[in-house]
Amino acid sequence: MNRDFFDRSVHDVARELIGCELAIGATAGIIVETEAYDETDPACHAYIGRTARNEVLFGAPGHAYVYLSYGIHSLLNFVAEPEGSAAAVLIRALEPTEGIELMRARRGQEKIQQLCSGPGKLSEALGVDHSLNGADLFRPPFELSEPDRSWSEAEITASPRIGITKAAELPWRYCVSGSRFVSRPWPASASSAIGRAA
DNA sequence: GCCAGGATCGTCT
DNA sequence: GACGATCCTGGCG
């Protein structure tokens, strides 16, 4: 994978990140759930225009956007689309593959299914904090691999995003419908992600 | 199992 | 001074 992967529609990027392995330091997992946010979207931090906080979103693709949610959790996003266009993919859940003991220690949780099944959880498990805001995804401690597992397109579903109040109806959450590692079950009404990219 | 409530702080009004 | 792209706990059935 190279930077061009991120230099296109955030919806394509969000869908195709499913199945990729993300490593940060000694920990890694396979991405099983993402959400897309773009500039025209009231739920996106960049909707209000450029500020000190969201500046990274307007920058070059293939960088990390990390911010603090509810004063407690650092949430990890990947910046997509060309420089000047603000868009990002929220990484919502991973299936843990490497460094599981370290994840357990950081999370204070034994159950593997509780390690990375939510955006705040996976940041804690992988040691993500605000110091990684703006970091290049193609430099350490990050490492991104092509999918080493593929699901049929029918198993990747698009459904409404979680935990937001604005533009909540947009089906911009992508997840593996068969995975036990997603943050929440996919809704029965979810449709295949095919053709859903806006 | 489900739901309500609290923790906690940077960012913007 | 209000508000979150969340998570965990405790109460109740």
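Lettering follows sequence order; numbering is per chain, from 1.
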- Decide if atom OH of A/Tyr47 counts as having more than 12 heavy atoms of other residues, nucleotides or ligands within a radius under 6.0 Å. no

- Message: Contact list please: residues 79-115 of chain A against DNA chain B, heavy atoms, distance less than 4.0 Å, in numerical order.
- Response: none

- Position toward the 5' end of DNA chain C (nearest nucleotide), A/Lys121 or A/Thr165: A/Thr165

- Message: Can you confirm whether A/Glu143 is buried at CD, in the sense that more than 12 heavy atoms of other residues, nucleotides or ligands lie under 6.0 Å from that atom?
- Response: no

- Message: Test your reading of the model: is there a side-chain donor-acceptor pair from A/Ser117 to the backbone of A/Gln113, 3.5 Å cut-off?
- Response: yes

- Item | Contacting residues from residues 26-45 of chain A, given that a heavy atom lies under 4.0 angstrom of DNA chain C | A/Tyr37, A/Ala43, A/His45

- salt bridge (charged side-chain N to carboxylate O under 4.0 Å, His left out) against A/Arg8, all qualifying residues, sequence neighbours excluded: A/Glu16

Report each atom pair, protein N/O against N/O of nucleotides 7-9 of chain B, whose distance is under 3.5 angstrom.
| unit_1 | atom_1 | unit_2 | atom_2 | d |
| --- | --- | --- | --- | --- |
| B/dT8 | O2 | A/Tyr70 | O | 2.3 |

- Least distance between heavy atoms, A/Ser183 atom then A/Ala93 atom: N-CB, 3.9 Å

- Message: Below 4.0 Å from chain A heavy atoms, what is the first contacting nucleotide of DNA chain C and what is the last?
- Response: C/dG4 to C/dC8

- Item | Dot-bracket line, read 5' to 3' along DNA chain B, where crossing pairs take [ ] and | marks a partner on another strand, Watson-Crick or G-U under 3.5 Å | |||||||.||||.

- Can you list the residues that meet the side chain to side chain contact (heavy atoms under 4.5 Å, CB included) rule with A/Ser152, with sequence neighbours excluded? A/Ala154, A/Glu155

- Only counting residues at least two apart or in another chain, list the ones meeting side chain to side chain contact (heavy atoms under 4.5 Å, CB included) with A/Glu55. A/Arg50

- Query: Would you call A/Arg92 and A/Glu35 a salt bridge, using N to O less than 4.0 angstrom?
  - Reply: yes

- Query: Just wondering, more than 12 heavy atoms not from A/Arg104 lying within 6.0 Å of its CZ?
  - Reply: yes

Identify every side-chain donor-acceptor pair in residues 58-74 of chain A under 3.5 Å, counting partners at least two apart or on other chains, and give the distances.
| unit_1 | atom_1 | unit_2 | atom_2 | d |
| --- | --- | --- | --- | --- |
| A/His63 | ND1 | A/Gly134 | O | 3.3 |
| A/His63 | NE2 | A/Arg3 | NH1 | 3.4 |
| A/Tyr65 | OH | A/His45 | ND1 | 2.8 |

- Verdict with reasoning, A/Glu81 to A/Phe6, per side-chain contact (heavy atoms from CB on, under 4.5 Å): CA-CA 6 Å; A/Glu81 306 202 352; A/Phe6 294 98; over 6 Å; no

- Message: Contact between A/Leu90 and A/Tyr37 at the side-chain level, heavy atoms closer than 4.5 Å - yes or no?
- Response: yes

Filtered N/O pairs between nucleotides 11-13 of chain B and protein, under 3.5 Å:
| unit_1 | atom_1 | unit_2 | atom_2 | d |
| --- | --- | --- | --- | --- |
| B/dC12 | OP1 | A/Thr51 | OG1 | 2.4 |

- Query: Which one of A/Leu102, A/Ile100, A/Leu94 satisfies the side chain to side chain contact (heavy atoms under 4.5 Å, CB included) criterion with A/Thr27?
  - Reply: A/Leu102

- Message: Checking A/Ala28 now: which residues fulfil side chain to side chain contact (heavy atoms under 4.5 Å, CB included) with it, not counting sequence neighbours?
- Response: A/Glu21, A/Ala23, A/Thr97, A/Glu98

- For A/Ala14, enumerate each residue passing the side chain to side chain contact (heavy atoms under 4.5 Å, CB included) test, keeping only those at least two apart in sequence or located in another chain. A/Thr34, A/Ala36, A/Val89, A/Tyr174

- Task: Taking A/Arg107 for its side chain and A/Leu115 for its backbone only, find out whether a donor-acceptor pair lies under 3.5 Å.
- Result: yes

